[in-house]
Amino acid sequence: MIGLGRFGLSVCKELQDSGAEVLAIDINEDRVREAAGFVTQAIVANCTIEETVSELKLEDYDMVMVSIGSDVNASILTTLVVKEAGVKSVWVKANDKFHAKILQKIGADHIILPERDMGIRVARKMLDKRVLEFHELGSDIAMTEIVVGARLLGKKLSDLSLCNEQGVQVLGFKRGPEVTKAPEMSKVLEIGDVIILVGPKATLAKKLSSL
Ligand code: ATP
């Protein structure tokens, strides 16, 4: 990881927690010290300098991410130097679509626009989680309806862990005006379908929040 701002540090942490080996690099000593507490190795270096990057042997890593936002020149130059050093998979954080366009032209393999990408993910999650009703039936059993959004599109009812375990059952299914009782679990979901579920309230709540 080159650039240890909030985004870079957060990616480092998640990668390391997931078992990857992480090398964290920044020109700022304080940032490097912060990262050193949880990554495999942390180094102070200026990655716009070819010789420095060549000494770091970044081409031996599966992926390199450049997460320098505030200094666009440094971001572009670093991407160029890293790419020329022979790194196969270079991920770069871009500030906006103009920055992204330049990065694309100089050969960045994956371009991240955090605000845009996160906005899309949040909107999809919001749509998928629309819960129309949550009726308590007594004895901690509840009934709820969920509307299928983009994240569940194309999946089968049987693909939803929700429908397979811990006493949760699919009571019914609505597509447009048509209502089906106990639908086939092989049914492929479309946007706007409504799944009616019944089961222990705690399980339903937990499973819905992880969808
Ligand atoms: P955020 O904090 O939201 O992720 P950002 O990318 O704008 O946004 P910065 O605080 O600018 O956050 O983080 C960029 C980091 O990149 C800084 O810690 C900075 O020291 C580092 N950096 C800048 N130029 C270089 C360079 N040439 N080589 C290595 N690191 C660099």
Side-chain angles (χ1 to χ4, degrees), residues 1-130 149-153 206 208-211:
M1 172 67 61
I2 304 172
L4 306 173
R6 287 170 304 168
F7 184 81
L9 282 174
S10 150
V11 174
C12 282
K13 183 137 202 345
E14 188 59 28
L15 288 171
Q16 190 80 39
D17 287 352
S18 307
E21 279 197 23
V22 179
L23 168 64
I25 309 169
D26 202 294
I27 37 170
N28 179 321
E29 250 181 71
D30 292 337
R31 298 261 165 111
V32 172
R33 207 169 298 123
E34 191 178 341
F38 57 85
V39 297
T40 315
Q41 203 184 354
I43 292 177
V44 179
N46 181 349
C47 292
T48 57
I49 302 169
E50 268 179 60
E51 294 73 22
T52 310
V53 169
S54 127
E55 277 166 26
L56 289 169
K57 298 229 170 301
L58 297 185
E59 65 278 12
D60 292 348
Y61 287 80
D62 294 333
M63 299 171 201
V64 170
M65 174 172 269
V66 180
S67 174
I68 305 174
S70 47
D71 184 347
V72 176
N73 278 344
S75 160
I76 294 167
L77 200 50
T78 299
T79 305
L80 203 60
V81 168
V82 166
K83 208 54 216 166
E84 282 184 349
V87 176
K88 289 198 186 59
S89 179
V90 180
W91 296 64
V92 192
K93 184 185 90 149
N95 289 338
D96 52 42
K97 59 180 182 182
F98 304 110
H99 186 184
K101 205 165 180 180
I102 298 168
L103 293 171
Q104 195 187 3
K105 290 244 186 266
I106 60 174
D109 301 287
H110 301 273
I111 297 164
I112 316 293
L113 282 154
E115 286 83 3
R116 183 203 62 181
D117 297 349
M118 197 49 159
I120 293 170
R121 283 183 57 184
V122 169
R124 286 185 181 161
K125 223 168 176 168
M126 285 167 79
L127 288 171
D128 280 349
K129 279 196 183 169
R130 273 185 299 173
R151 277 163 63 88
L152 299 183
L153 174 67
K206 197 170 128 215
L208 283 175
S209 67
S210 68
L211 267 183

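Both backbone and side-chain heavy atoms feed into the values below; hydrogens, waters and symmetry mates do not. Note that ligands are numbered from 1 as they come in the structure, with each ligand's atoms numbered from 1 the same way.
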Within 4.0 Å of some non-hydrogen atom of N28, the atoms of ligand 1 are 20 (O)
Residue, atom name and distance, where the atom is the protein heavy atom closest to atom 30 (N) of ligand 1:
I27 N, 3.4 Å
Quick one: CZ on F7 to CE on M1, what's the gap to the nearest 0.5 Å?
7.0 Å
Main chain of G69, side chain of N95: is a donor-acceptor contact present, judged purely on distance under 3.5 Å?
yes
Closest non-hydrogen protein atom to atom 14 (C) of ligand 1, residue and atom name please, with distance?
S67 O, 3.7 Å
The answer for which part of S70 has a heavy atom under 4.0 Å from ligand 1 is both
R31 contact mode with ligand 1 (heavy-atom cut-off under 4.0 Å):
side chain
Give a yes/no on ligand 1: does D71 have at least one heavy atom closer than 4.0 angstrom to it?
no
Using modelled atom types only, decide if a donor and an acceptor are shared between the side chain of E50 and the backbone of V81 within a distance under 3.5 Å.
no
In terms of residue, atom name and distance, what is the protein heavy atom nearest to atom 16 (O) of ligand 1?
G3 CA, 3.4 Å
Taking atom CD as the centre, does E59 end up with more than 12 heavy-atom neighbours from other residues, nucleotides or ligands that are less than 6.0 angstrom away?
yes
Atom 20 (O) of ligand 1: which protein heavy atom is closest, and how many Å away?
D26 OD1, 2.5 Å
What protein heavy atom is closest to atom 8 (O) of ligand 1, reported as residue, atom name and distance in Å?
K93 NZ, 3.1 Å
Is the closest heavy atom of A45 to ligand 1 under 4.0 Å?
yes
Quick one: nearest non-hydrogen protein atom to atom 4 (O) of ligand 1, plus distance?
F7 N, 2.9 Å
Nearest-contact summary for atom 12 (O) of ligand 1 - protein heavy atom, Å
G5 CA, 3.9 Å
Among I2, L56, D109, side chain to side chain contact (heavy atoms under 4.5 Å, CB included) partner for V64
I2
Heavy-atom nearest neighbour in the protein, as seen from atom 28 (N) of ligand 1, with distance rounded to 0.1 Å
C47 N, 3.1 Å
Within a distance under 4.0 Å of any heavy atom of N46, pick out the atoms of ligand 1 and give their elements.
26 (C), 27 (N), 28 (N)
